[in-house]
Structure formats: C-alpha cells, structure tokens
Amino acid sequence: MRRSLTPEQRADLLLHAMTLDEKITMVHGVDPMPIHGYVGYVPGNTRLGIPALRLADGRAGVGNGAKDVTMLPAPIAAASSWDTNLLRKFGEVLGNEEWGKGTNVALAPSIDVVRVPEWGRTFESYGEDPYFNGQMAIAEIQGIQSQGPIADANMYLTMNQEDNRFKENSIVDRRTLHEIYLPPFAAAIEEGHVGTVMCAYVKTDDSYSCENPYLLTTLLRKQLKFQGWVMSDWGATHSTVASANAGLDQEMPDTKYYGAALKAAIADGRVSVATLDEHVRHILVTMFRFGLFDKPQTGTWNSYVRTPQHAAFALRAAEQGTVLLKNTDGLLPLSDGESIAVIGVAGGAKPKASGGGSSGMIAPYVISPVDGIRKRLAGQAQLSYADGSDPAKAADIAKAAKVAIVFVNTDDSEGRDRPNLELPNHQDELVEAVAAANPNTIVVLNTGGPILMPWIDKVRGLIEAWYPGQEDGDAIAAILYGDVNPSGKLPLTFPRTADEIPTSTAAQWPGVNGNSTYSEKLDVGYRWYDAHHVRPLFPFGYGLSYTTFKLSNLRVTPAKITGMDPRTNVQVDLQVKNTGKREGAEVVQVYMEQPEKNGEPPRQLRAFTKVDLQAGQSQSVCLNLNSRSFSIYDPDLHAWNTPSGNHKILVGTSSRDLPLQRNIVVTDHGMQD
Ligand code: BGC
C-alpha cells in the first residue's frame with residue numbers, strides 16, 4: 001500500500017505474498033456472480049486487500065440492464081462528428097457513469113475496422129479507416145480512463161462479422177493485418193494507454209484469438225509493448241494450456257479453462273508458475289496504475305448517475321454526428337411555417353435510438369422525432385404523423401403537407417449480421433409511396449451502417465442520423481430547422497449497388513466452410529472503391545452543410561524528407577474559409593498517395609481536423625504528418641518501411657473531393673521496427 005513505490009514494485013511485493021489459489025482467482029471471472037449488476041466479476045481478496053473487479057458493458061452508456069443512466073448516441077454516430085474533442089467527452093460521460101455505478105473495468109470502446117458493411121456491430125465501432133478509428137479510440141479511452149474505470153479495447157483482432165463469430169477463421173495476410181486491422185489497437189495502446197484488451201471470438205489464421213501466440217505475444221507484447229492485461233471475450237477462451245502459454249491473462253466470464261484446469265496444468269508442469277505470475281502481474285500492475293488500491297469507489301449498481309449535463313452532451317453528440325447527405329435546391333433547413341408530415345415507425349411509434357446486444361441499454365426516456373419536431377414547431381405549423389404501416393395512408397398525409405419526412409431504420413444488433421444492405425420491412429416501398437405523393441420528401445436514416453437507396457433520385461433531402469440515443473427527436477429537430485448546422489461526415493462508404501462492395505463474394509463474407517478470406521487485402525472500405533474505380537453513392541468523409549467552404553493556399557514543408565528519419569514531421573498548412581451566410585464547421589482531410597509501385601491503395605487518410613467558422617471567416621489550419629504517414633509494412637522484414645519516391649499529399653473535404661495537392665519527395669528509403 002506504499003504509494004511511493006511504482007505499480008510494478010507494488011505488484012511484485014503483492015505477487016510474492018500470494019498463494020497459488022489466490023493467484024488463480026485473479027485470472028478468471030465467477031459465474032454466477034455474487035453481486036447484482038455487471039457482466040463480469042473477479043472477487044476481491046480480503047486477506048491481502050485486493051479490490052474486486054466489476055466489469056460492465058456499454059458502448060453508448062452503461063449496459064447490462066443498468067437504470068438511471070444516459071443513453072448516448074451509438075459510437076458510429078459520435079465518430080461521424082470527426083471531432084476527437086467530442087469523443088474525449090463521450091468517453092468522460094461513459095466513464096463517469098460506469099464509475100458511479102461501481103464499475104472499475106468499462107468494456108469500451110469497440111474499435112475494429114468495419115470491413116463488411118452488413119456487420120451487425122458496425123454501429124458499435126467508428127468506421128472503416130484504421131487511422132481514423134485509432135484517433136477516435138485514443139480520445140474515447142482517455143476520456144473513460146480520466147473518470148476512474150480501466151477501459152477495454154475490443155475486440156482483438158479480426159472481428160468483423162456476427163453470423164459465424166464463434167467459429168469463423170479469418171485468413172488474412174500480415175501486411176494487411178498490420179496496415180488495416182492492427183493500427184486502431186496500436187493507437188489505443190501506444191497513445192490511449194488503454195488498460196485492457198479483449199481478445200475476440202474469431203480465429204485469425206487458424207488460431208482462436210485468445211490462444212493465438214502471434215496476436216497475443218508477438219504483436220501485443222513484443223511489438224506494441226502492451227503493459228495491461230488481456231481478457232477473453234465472454235466464452236472466447238477455448239483451452240487452458242494453449243491459452244495460458246500464448247498470452248491470455250484472464251478468462252471471462254467463468255472458470256471453465258482457468259480454474260481447476262489451470263491448477264492441474266500448473267501441477268503437472270504444462271503451464272509454469274512463472275507464466276501464471278506473468279498473467280497475474282499484468283492484472284495487478286494495471287490495477288495499481290489506475291489507483292484501484294488507493295481511491296475509494298462508493299457507487300453501486302443502483303446509484304443514480306445520469307445528470308442534466310450528460311443529457312445535454314448526449315444531445316450535442318447526436319447533433320454533431322448527424323450527416324446531411326442530400327439537400328436538393330436547399331430544401332433544408334425547413335422554415336417554421338411549413339406544414340409537415342412525419343412518417344415511419346422510427347419517427348414516432350418506436351424511435352430507433354440504439355443498437356442491440358451487449359451495447360443495448362435502458363434509456364431513461366427517448367424523445368421521439370415527432371415529439372421533438374412538435375416541440376420545435378410550438379404550434380406554428382400543422383404537423384401530422386403516420387407510422388407507415390399503411391403506405392396509402394402515409395401518402396395521404398404526405399400529400400396534404402408542404403414537406404414529408406420519412407424515418408426509416410435497420411434493427412442492428414450484436415449476434416447477427418444484416419442479410420444484405422436492403423432496408424427491411426418494405427420500407428423502400430414506403431419511401432417510394434411518400435415520394436410519389438410529395439415532391440418535398442426528406443428521408444432520415446436511423447441505421448447502424450450503410451443501406452442501399454433505390455429511391456435516392458426521387459427524394460430531395462437525405463440525413464443519416466444513425467442510432468441517436470435518448471435525445472433523438474430534439475437532435476433531429478435542431479438539424480431539420482437549422483438551429484444546428486450539420487457538420488458530420490461519413491466514417492464509412494455507402495455503396496450504390498449490392499455487388500459493388502469490397503466484400504461481395506461468399507468466400508469473403510460470411511465465408512465458406514468457416515473460412516473467410518480477406519482477398520480484398522488492403523482494399524477495405526473507400527480504398528477498394530478508389531482502386532476499382534467504382535463510384536460509391538456517398539464516399540467516405542462526405543457530408544454537407546447549410547453553408548459552404550473553400551480550401552486554399554496549401555503548403556507542405558519540408559518538400560523533401562529522408563525515409564531514414566523516424567522523427568519526420570511534415571507540416572501541412574492551408575486556409576479554410578466559410579464562404580456562405582451562416583456559421584458552420586468543416587472537416588479538413590489529408591490523404592496520401594504512395595508511389596504506385598508499392599502496391600498501396602490509391603489514397604489513405606493520414607490526418608484530419610475540424611474547424612468552426614463564422615460566416616465569411618477565414619482561418620489557417622496546420623496538420624502534421626509523421627514517418628508512419630509515409631510508411632508501409634514489409635512482412636518479410638517485419639518492419640515499417642518508408643519507400644523513396646514521390647508521395648502525393650491530397651487535401652479536401654471528402655475522400656472524393658480533394659482539390660489541393662502537393663508532392664513530397666522521399667529520398668532514401670528507411671526502415672523502422
Ligand atoms: C460481446 C462483448 C461483451 C461481452 C459481455 C460478448 O458477447 O462480444 O462485447 O463485452 O459479451 O457482455
């Protein structure tokens with residue numbers, strides 16, 4: 001308990017005092033749990049003063065049936081803000097409520113790169129770009145951990161489908177693993193300083209994630225120097241000896257492999273005491289590092305943790321994450337006096353505020369869109385509502401109004417992928433019927449990821465509001481009426497057709513005979529559309545505003561670098577001007593094009609920043625690129641390599657709108673670990 005010692009010294013002293021049984025107690029959960037609430041529990045040790053571990057779910061708020069908590073928008077919505085300050089705050093609210101509920105390990109965030117657009121857990125993640133996901137992960141983890149709980153980077157590593165998640169084998173080459181799937185975890189560890197990592201259900205290259213020595217030891221411990229502990233996803237442990245020796249520190253949620261079976265394996269030498277000590281040490285060092293031995297935690301599962309400030313943040317996050325995708329002839333924002341018809345189940349009868357599975361939660365309330373809009377109108381215009389179950393009735397109320405707004409949704413959840421990208425429950429027909437009845441039709445999407453929109457040319461407005469959390473209706477009303485100028489951008493591509501997507505073959509997803517082949521390699525998300533010259537419906541990084549912006553005066557310094565320098569710092573400077581009539585925010589995006597011979601996708605996001613500007617205001621913006629921005633992974637040399645040649649830097653406001661470009665010359669090529 002001597003706080004002057006380092007976490008490592010304290011852990012070593014404690015470890016020395018522990019019996020074998022006491023050590024084994026630390027490396028698994030108990031089921032059933034002796035306390036109410038939570039989803040994982042490791043009992044404390046009264047003899048030695050070790051606090052219990054209480055683990056709880058929730059990626060948009062405290063889950064596992066907790067009451068009196070705030071339902072934030074889904075992470076994909078928060079990420080659509082492209083605002084790392086907002087993600088930091090998102091983590092603070094989540095971490096604060098988890099801690100207040102007595103949780104000391106918060107099972108968030110989910111940071112996997114979205115490879116398959118039908119993935120049922122797309123809404124829990126941030127998007128399809130490794131660098132982008134890494135930046136969001138750093139911010140959210142720091143936010144969560146600033147409030148007390150240890151965060152958990154999940155799900156490690158090639159987790160991107162639900163239908164076969166318990167047995168799927170991802171066949172993926174090492175360059176792709178390093179350049180696409182590993183970077184969010186590398187960022188979470190190296191810059192987010194995350195305390196725990198959750199190994200996933202799936203296999204990577206024939207070996208389950210939680211018993212995969214390459215993933216758990218070579219990559220996590222040796223390459224990324226991870227100092228925290230690895231826990232298995234719930235039921236993702238498949239062995240005792242192989243897991244313990246590969247690097248799994250803790251089995252969750254029970255004792256199937258790490259209880260009596262581990263004791264037996266230690267007794268006959270198949271697992272050494274030194275290996276067990278190593279696992280326990282990872283847990284203890286982290287607990288000391290986070291102050292779990294030193295700071296009191298008085299909240300319990302029944303504590304009331306939501307606050308007006310958290311609700312206000314939930315509203316702001318939903319507004320900032322809403323993406324305006326189409327606005328023909330400036331139909332939006334609406335003016336107060338226009339009569340309006342609100343249509344669709346998600347628009348009123350059953351708002352679609354969150355996704356399902358372990359991210360599911362109990363909202364204190366959900367403001368429905370029709371209620372939010374009614375409140376905003378304050379009786380100034382006529383408002384009608386139909387749930388859309390009868391398209392003819394919906395068309396009738398649409399015809400009688402100046403503007404019709406149709407809310408459509410998908411019901412995404414952990415545990416199942418969407419069978420395809422079509423809207424379920426005949427909602428396409430509903431949109432068609434309404435659009436035929438009213439030329440001023442706006443569609444609002446409450447989806448967890450991309451969908452196909454065969455009716456896109458028939459509607460004048462389109463908004464992606466994702467799963468917006470408890471403040472749903474107030475957020476969408478603020479966007480529709482222009483109280484808030486939309487500034488969200490898509491963190492993943494919306495395809496035009498079902499077969500023009502990166503993972504359109506069964507061998508890729510859901511896989512054949514349990515194997516899914518990552519044959520698209522580096523061409524994940526927008527990388528694939530660019531490489532195959534396929535025009536998506538809405539590209540990565542895209543989103544409109546009620547004002548307009550102009551980017552100019554790009555300067556890149558220095559214009560020449562050597563690949564040998566690991567401390568490379570290239571500065572990208574430009575001017576951004578709000579050229580319209582109202583305040584707004586724009587996301588400046590910097591992409592890099594490698595010399596062609598290197599086999600990289602055409603363009604890759606390397607930096608971004610969000611700028612708020614008053615009407616007419618101009619501001620200079622500076623972004624930085626480092627040596628990793630220029631490098632590619634060489635699987636033969638197990639190292640990052642900065643190839644020589646002309647690298648092109650492209651700057652703009654979406655992955656398909658990059659008006660400013662400069663070359664930068666890399667002289668000698670260089671290698672780093
Ligand atoms: C999910 C995890 C979750 C765990 C505990 C698993 O099925 O994959 O994300 O933390 O359950 O609920």
Side-chain angles (χ1 to χ4, degrees), residues 28-33 35-42 53-66 69 74-76 91 94-95 97-98 101 103-114 116 119-126 133 137 140-141 144 149-168 170 184-185 188 194-204 208-210 228-238 248-256 301 354-362 412-417 448 467:
H28 59 75
V30 289
D31 191 26
M33 294 187 298
I35 51 164
H36 171 62
Y38 313 102
V39 71
Y41 185 73
V42 178
L53 291 173
R54 292 174 298 274
L55 295 73
D57 269 315
R59 282 139 211 117
V62 186
N64 310 131
V69 297
I76 193 86
L94 174 58
E97 295 199 359
E98 289 281 16
K101 285 276 180 192
T103 307
N104 49 20
V105 183
L107 301 176
S110 259
I111 65 178
D112 295 278
V113 164
V114 178
V116 175
W119 186 31
R121 300 185 81 168
T122 297
F123 71 92
E124 290 183 43
S125 188
Y126 301 128
N133 281 23
E140 187 177 341
I141 288 164
I144 293 171
I150 303 171
D152 176 58
N154 56 72
M155 293 138 313
Y156 184 73
L157 181 61
T158 56
M159 180 72 195
N160 33 55
Q161 65 156 288
E162 291 303 285
D163 285 349
N164 298 311
R165 66 172 174 163
F166 296 125
K167 45 186 186 306
E168 189 253 346
S170 305
F185 290 91
V194 73
T196 70
V197 167
M198 181 189 285
C199 50
Y201 289 122
V202 296
K203 295 177 193 159
T204 303
Y208 279 113
S209 312
C210 298
W229 88 84
V230 179
M231 72 179 79
S232 72
D233 199 342
W234 271 230
T237 311
H238 292 275
L248 173 68
D249 298 309
Q250 192 176 55
E251 175 185 17
M252 277 294 157
D254 49 25
T255 54
K256 194 161 170 205
W301 195 246
S354 71
S358 60
S359 286
M361 49 183 302
I362 301 178
D412 298 359
S413 175
E414 176 184 341
R416 57 168 194 264
D417 292 324
Y467 297 153

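Indexing begins at 1, ligand by ligand and atom by atom, following the structure's order. These numbers come from the heavy atoms of this one structure, side chains and all, not from hydrogens, waters or symmetry mates.
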Below 4.0 Å, non-hydrogen atoms only: which portion of R165 touches ligand 1? Side chain, backbone, both or neither.
side chain
For a quick check under 3.5 Å, do T158 and T204 share a side-chain donor-acceptor pair by atom type?
yes
Please identify which atoms of ligand 1 are closer than 4.0 Å to at least one heavy atom of S358.
1 (C), 2 (C), 3 (C), 9 (O), 12 (O)
Identity and distance of the protein heavy atom lying nearest atom 9 (O) of ligand 1:
R121 NH2, 2.8 Å
Distance only, no hydrogens: is a donor on one side chain within 3.5 Å (strictly under) of an acceptor on the other, for N160 and D112?
no
For Y201, counting its heavy atoms only, list the atoms of ligand 1 lying under 4.0 Å from any of them.
6 (C), 7 (O), 8 (O)
Which atoms form the tightest heavy-atom contact between S209 and Y156, and what is the distance?
CB-O, 3.5 Å
Which of V105, D152, V197 passes side-chain contact (heavy atoms from CB on, under 4.5 Å) with W229? Answer is V105
So does E162 pair up with R416, basic N to acidic O under 4.0 Å?
no
Atoms of ligand 1 under 4.0 Å from any heavy atom of M198, numbered from 1 in the order shown, are 10 (O)
Of the backbone atoms (N, CA, C, O) and the side-chain heavy atoms from C-beta on, which set of E414 has a member under 4.0 Å from an atom of ligand 1: side chain, backbone, both, or neither?
side chain
Checking heavy-atom distances from atom 3 (C) of ligand 1 to each of L107, D57, N64, N154, the winner is D57
For ligand 1, indicate whether the residue R59 contacts it via side chain, backbone, both or neither (heavy-atom separation under 4.0 Å).
side chain
Judged by atom type as modelled, is there a donor-acceptor pair below 3.5 Å linking the side chain of T122 to the main-chain atoms of W119?
yes
Could you verify whether a donor N or O on one side chain and an acceptor N or O on the other, from S359 and R121, lie under 3.5 Å apart?
no
In this structure, atom 2 (C) of ligand 1 is nearest to the protein heavy atom D233 OD1, 3.3 Å
Interfacing atoms of ligand 1 (cut-off 4.0 Å, heavy-atom, V39)
5 (C), 12 (O)
